[in-house]
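Structure, as structure tokens:
No hydrogens, no waters, no symmetry mates; every other heavy atom, side chains included, goes into these values. Positions are given from 1 along the sequence. For ligands, and for the atoms within them, numbers begin at 1 and follow the listed sequence.
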Amino acid sequence: MNDYIVRATAADAQIRAFAAVTTDLTEEARTRHQTSPVATAALGRLLTGGVMMGSMMKNPEDVLTLQVKCGGPIGGLTVTADARGHVKGYVNNPEVMLPPKNGKLDVGGALGQGILNVIKDMGLKEPYSGQTILQTGEIAEDLTYYFAASEQVPSSVGLGVLMNRDNTVHCAGGFIVQVMPFVEERVLRQLEENIAGMKSVTAMLDGGHSPEEMLFQVLSGMEVEITDTMPAVFDCSCSRKRIEKAIISIGKKEIEDMIADGKPIEVKCHFCNTAYEFTMEELKEILEKCNRP
Ligand SMILES: [Zn+2]
């Protein structure tokens with residue numbers, strides 16, 4: 001696994017920036033969920049945004065969820081990340097196929113109209129939640145809009161996934177640049193100029209640029225300090241025990257019905273697509289657990 005996130009500040013902390021290479025974790029998501037190219041691109045972009053946004057949180061136990069509810073044929077996406085570079089996610093319709101638009105995978109068309117829900121569970125009574133309308137459905141623009149509208153932090157987000165001819169992931173990654181309220185006009189101008197003159201994320205990654213080099217391009221002409229780097233991985237914390245708890249939570253009646261069907265059941269984790277099988281014997285044991293006071 002070679003994926004990682006870089007964090008940096010620039011221009012005397014007037015800017016904070018994040019960049020990531022996420023090729024391996026996007027490919028892992030693709031193989032786990034058997035996503036079509038456009039679904040891989042959509043999910044890879046959201047995973048990349050999510051893992052960087054996760055790294056903005058303070059505590060190791062904090063959990064960030066990005067949820068897209070949309071009317072397009074992909075049906076929706078969900079990504080969850082923590083503050084330590086772990087990320088997981090899925091799309092509702094992994095097999096969605098669309099003709100390319102302007103020679104590119106039509107992620108905006110796959111999502112269509114919808115909303116982006118950002119939920120941060122930081123161990124407080126109520127999780128923080130912010131909701132914005134999708135701007136283009138291309139995800140980077142939608143996250144940019146979220147930061148401006150919901151968090152009041154002017155940001156620039158670039159995300160990209162490039163596929164190989166055989167529909168595996170060639171490269172994936174992105175960056176998030178945010179300006180602080182006390183930013184000077186000339187720093188802002190420089191940043192806008194840099195972004196306007198930059199190649200796309202996929203062109204940079206494909207050209208062999210590292211996340212650090214991406215940041216040096218976005219922040220060109222400024223003093224940049226890389227504050228830390230952290231590995232990024234597709235990671236799901238599901239287990240047999242957790243799935244068992246989920247079965248218990250659906251109630252005795254449902255479990256009795258499953259047993260009456262006389263067949264073992266298979267339960268798949270949404271996030272990582274791991275299948276857990278429960279035999280009749282095991283279902284009966286689970287029912288026992290429900291019956292215990
Ligand atoms: Zn899982």
Side-chain angles (χ1 to χ4, degrees), residues 1-5 20-36 38-55 57 59-70 74-96 116-123 127 129 139 161 167-169 172 230-251 254-255 258 263-279 282-283 285-286 289-290:
M1 290 287 167
N2 295 313
D3 292 346
Y4 66 97
I5 307 166
V21 57
T22 55
T23 307
D24 294 340
L25 70 87
T26 303
E27 173 62 12
E28 178 156 357
R30 186 195 69 79
T31 50
R32 282 184 178 273
H33 296 295
Q34 292 294 303
T35 41
S36 69
V38 70
T40 307
L43 182 56
R45 289 182 197 174
L46 198 64
L47 286 165
T48 305
V51 79
M52 286 190 283
M53 287 171 72
S55 80
M57 299 186 297
N59 304 308
E61 304 79 35
D62 294 349
V63 178
L64 169 93
T65 302
L66 301 177
Q67 202 174 41
V68 173
K69 293 182 182 167
C70 58
I74 201 164
L77 300 95
T78 306
V79 160
T80 292
D82 67 13
R84 297 169 296 160
H86 302 135
V87 68
K88 59 185 176 179
Y90 64 92
V91 307
N92 292 17
N93 299 319
E95 70 287 352
V96 57
L116 168 70
N117 213 348
V118 178
I119 305 146
K120 291 185 206 171
D121 190 345
M122 295 176 286
S129 153
I139 297 173
V161 176
N167 291 338
T168 56
V169 177
M230 160 165 82
V233 287
F234 188 102
D235 182 82
C236 189
S237 52
C238 70
S239 65
R240 225 184 143 71
K241 228 176 171 66
R242 282 199 181 196
I243 300 286
E244 196 180 295
K245 273 193 190 151
I247 296 174
I248 291 171
S249 74
I250 62 171
E254 293 285 328
I255 302 171
M258 287 176 197
K263 286 193 295 265
I265 62 151
E266 188 188 81
V267 182
K268 273 188 178 171
C269 170
H270 269 315
F271 281 102
C272 68
N273 218 22
T274 302
Y276 294 89
E277 207 188 75
F278 291 87
T279 63
E282 286 166 324
L283 284 173
E285 279 166 33
I286 291 171
K289 283 181 194 169
C290 296

E266 side-chain N/O to A275 backbone N/O, donor-acceptor pair under 3.5 Å: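 Flag not set: sc E266 to bb A275 has no pair under 3.5 Å.
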Geometric cation-pi criterion, R32 with F271: 6.0 Å, 45°: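 No - R32 does not lie over the ring of F271 by the 6.0 Å and 45° rule.
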Pairwise side-chain contact, C236 with T274, heavy-atom cut-off 4.5 Å (strictly under):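 No, every pair of side-chain atoms sits at 4.5 Å or beyond.
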Tally, protein N/O/S atoms nearer to the Zn ion (ligand 1) than 2.8 Å: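 Atoms of protein N, O or S type lying less than 2.8 Å from the Zn ion (ligand 1) total 4.
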Residue R242 excluded, over 12 heavy atoms near CZ under 6.0 Å: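 No.
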T40 to V169 - nearest heavy-atom pair and separation: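 Nearest heavy atoms, T40 then V169: CG2-CG2, 3.7 Å.
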Residue pairs passing the side chain to side chain donor-acceptor pair (under 3.5 Å) test where at least one lies in residues 81-92, sequence neighbours excluded: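 Passing the test, one end in residues 81-92: D82-R84, D82-H86.
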